[in-house]
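Encoded as structure tokens, the structure appears first; notes follow it.
As the structure is a prediction and not an experimental result, all values here were calculated from the model.
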Amino acid sequence: DFMDAYIENENAYPYDEYIYNETFIGEDGEEYYYEEPLISLFDVVKEYDKGTVKALNGINLDIFEGEFVSIIGPSGSGKSTLLNMLGALDKPTRGKIYIDGIDLVKEKDLSQFRQEKIGFVFQLHNLIPNLSVFDNVQIPLLPTGMSNKEMKEKASEIIRAVGLEDKKKQRPNKLSGGQRQRVAIARALVNNPSIILADEPTGSLDSKTGEMILNLLMEMHERYNVTLIIVTHDNDVAALAERTIKIKDGQIIEDKYNY
């Protein structure tokens, strides 16, 4: 089966589907390899109710390291299911997903993968209410084997980066909605993930606070060169991204760059 034909010592992708071993001639006459995507989806299908509902219906997609991508679509379009696939929270019924060279369909320990590669920011911040800002941000570092000193230094650095150093001893119930979402962003970034996945990150905020959170996400994306993927139903939010992918009925109907 060609799906299992891996290229040894080069990458984890099946050769027949993988164009990035091929070269092209640049304007300077030199030979270049195609850039390898950080994320690749091949014919991804996700079915529910014994195949009667297709949440995703043949998704093919490449996302490259450092991109800022928005995924937009109406309710029920499949955008949240796609986010679950990208975040290794679920596996497809059929198809292949590779992230950073790892075959997610075959990967047995997805929790370890998520811990190392993915940072999540949800519409509701999901902070632990009886822990301080500082302790909430440290949580993703606990399984890593870092020393207490290293964890404190890393958490302090990222809390400073999101502008909450003066709030680090506070509990979430003492913070505004925007401040809580800043904590969630710090928690998502603290483990140096390759990818930040934000699911309607401004959905529960007023427009001014939402704009501040989007600006912060973009600032963190640029500062840490993290790949940022935002799922939204808001056209104005989607347009802030470098690239917008529109989904309808489980299929990509448009994939465009916004510049």
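- Put simply, the side chain of Val237 does not reach to within 4.5 Å of the side chain of Ile72, judged on heavy atoms.
- In this structure the side chain of Thr144 reaches within 4.5 angstrom of the side chain of Asn191, judged on heavy atoms.
- For Asp236 against Asp234, the heavy-atom pair with the smallest separation is N-OD1, 2.8 Å.
- Within the 3.5 Å criterion, the main-chain N or O of Phe64 finds a donor-acceptor partner in the side chain of Glu67.
- Ion pairing between a basic and an acidic side chain is recognised when a charged N comes within 4.0 Å of a carboxylate O; Lys46 and Asp90 show such pairing.
- Leu89 and Val231 end up in the same hydrophobic cluster when Ile, Leu, Val, Met, Phe, Trp and Tyr side chains are linked at under 4.5 Å.
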How far apart are the C-alpha atoms of Lys174 and Arg180, what are their side-chain angles, what is the distance that settles it, and do they pass the side-chain contact (heavy atoms from CB on, under 4.5 Å) test? CA-CA 9 Å; Lys174 300 293 186 184; Arg180 288 194 287 267; over 6 Å; no
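- Going from atom CG of Leu86 over to atom CD1 of Ile99 covers 6.0 Å, rounded to the nearest 0.5 Å.
- Ile63 has its side chain within reach of Ile229: a pair of non-hydrogen atoms, C-beta onward, lies under 4.5 Å apart.
- In summary, Glu150 and Lys154 do not engage in a salt bridge, as defined by a charged side-chain N under 4.0 Å from a carboxylate O.
- The local environment of CD in Gln170 is crowded, with over 12 non-hydrogen atoms from other residues, nucleotides or ligands closer than 6.0 Å.
- In this model, no donor atom of one side chain and acceptor atom of the other lie less than 3.5 Å apart for Ser70 and Thr232.
- The minimum heavy-atom distance between Pro193 and Ala188, with the atom names listed, is CG-O, 3.2 Å.
- Counting only distance, with no hydrogens or angles, the side chain of Glu165 and the backbone of Arg160 share no donor-acceptor pair below 3.5 Å.
- Side-chain atoms of Ser156 never come within 3.5 Å of backbone atoms of Glu153 as a donor-acceptor pair (strictly under, hydrogens ignored).
- With contacts defined as side-chain heavy-atom distances shorter than 4.5 Å, the pair Leu38/Ile195 qualifies.
- Of the candidates Asn84, Asp43, Val45, Thr81, Leu56 forms a side chain to side chain contact (heavy atoms under 4.5 Å, CB included) with just one, namely Thr81.
- For NZ of Lys248, the number of neighbouring non-hydrogen atoms (other residues, nucleotides, ligands) closer than 6.0 Å is 12 at most.
- Looking at residues two or more places apart in sequence or on another chain, you find no side chain to side chain donor-acceptor pair (under 3.5 Å) involving Asn130.
- Taken to the nearest 0.5 Å, the CG atom of Asp166 stands 8.0 Å off from the CD atom of Gln179.
- No continuous path of hydrophobic side-chain contacts links Leu214 to Met212 [ILVMFWY only; heavy atoms under 4.5 Å].
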Starting from the C-alpha separation in whole Å, work towards a yes-or-no answer on side-chain contact (heavy atoms from CB on, under 4.5 Å) for Leu217 and Asn215. CA-CA 5 Å; Leu217 280 167; Asn215 286 336; over 6 Å; no
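- Within the 4.5 Å cutoff, no side-chain heavy atoms of Leu82 are placed close to those of Ile252.
- Classified by interplanar angle (parallel below 30°, tilted 30° to 60°, perpendicular above 60°), the ring pair Tyr98/Phe42 is perpendicular.
- Remark: the Asp249 side chain and the Asn57 side chain contain no N/O donor-acceptor pair separated by less than 3.5 Å.
- A distance of 10.0 Å separates CD in Gln138 from CE in Met146, rounded to the nearest 0.5 Å.
- You'll find the side chain of Ile196 stays beyond 4.5 Å of the side chain of Tyr224, heavy atoms only.
- Taking hydrophobic clusters as Ile, Leu, Val, Met, Phe, Trp and Tyr residues chained together by side-chain heavy-atom distances below 4.5 Å, Val183 shares a cluster with Leu142.
- Of the possible polar contacts, one joining the Arg114 side chain to the Ala88 backbone as a donor-acceptor pair under 3.5 Å is found.
- What you find for Gly66 and Glu242 is that their closest heavy atoms are O-OE1, 4.2 Å.
- With Leu61 as the fixed residue, the side chain to side chain contact (heavy atoms under 4.5 Å, CB included) test singles out one of Ile39, Val44, Asp255, Ile71: Asp255.
- For the pair Ile247/Glu254, no side-chain contact is recorded, criterion being any heavy-atom separation below 4.5 Å from C-beta on.
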Under the side-chain contact (heavy atoms from CB on, under 4.5 Å) rule, what do Asp100 and Glu65 come out as? Steps first, then yes or no, please. CA-CA 9 Å; Asp100 206 12; Glu65 183 178 5; over 6 Å; no
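- Remark: the backbone N or O of Gln112 is paired with a side-chain donor or acceptor of Asp109 at under 3.5 angstrom.
- The residues Arg94 and Glu47 are annotated as salt-bridged, a charged nitrogen and a carboxylate oxygen being separated by less than 4.0 angstrom.
- Considering CG of Asn225 and NE2 of His221, their distance stands at 7.5 Å, rounded to 0.5 Å.
- With respect to Val137, the side chain to side chain contact (heavy atoms under 4.5 Å, CB included) criterion is satisfied by exactly one of Leu127, Ile158, Leu131: Ile158.
- Atoms CZ and CD1, from Arg182 and Ile185 in turn, are 7.5 Å apart once rounded to the nearest 0.5 Å.
- More than 12 heavy atoms of other shown residues, nucleotides or ligands fall within 6.0 angstrom of atom CD in Glu107.
- Scanning both residues, Tyr48 and Ala55, for their nearest heavy atoms gives CE1-CB, 3.5 Å.
- Asp103 CG to Ile97 CD1: the interatomic distance, rounded to the nearest 0.5 Å, is 9.0 Å.
- When atom types are taken as modelled, the side chain of Gln181 and the backbone of Pro201 share a donor-acceptor pair closer than 3.5 angstrom.
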Steps toward side-chain contact (heavy atoms from CB on, under 4.5 Å) verdict (Lys256, Asn258): CA-CA 6 Å; Lys256 67 173 183 177; Asn258 294 324; 3.5 Å; yes
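- Between His233 and Pro74, every side-chain heavy-atom pair lies at or beyond the 4.5 Å cut-off.
- Under the 4.5 Å side-chain heavy-atom criterion for ILVMFWY residues, no single connected hydrophobic cluster contains both Phe120 and Ile139.
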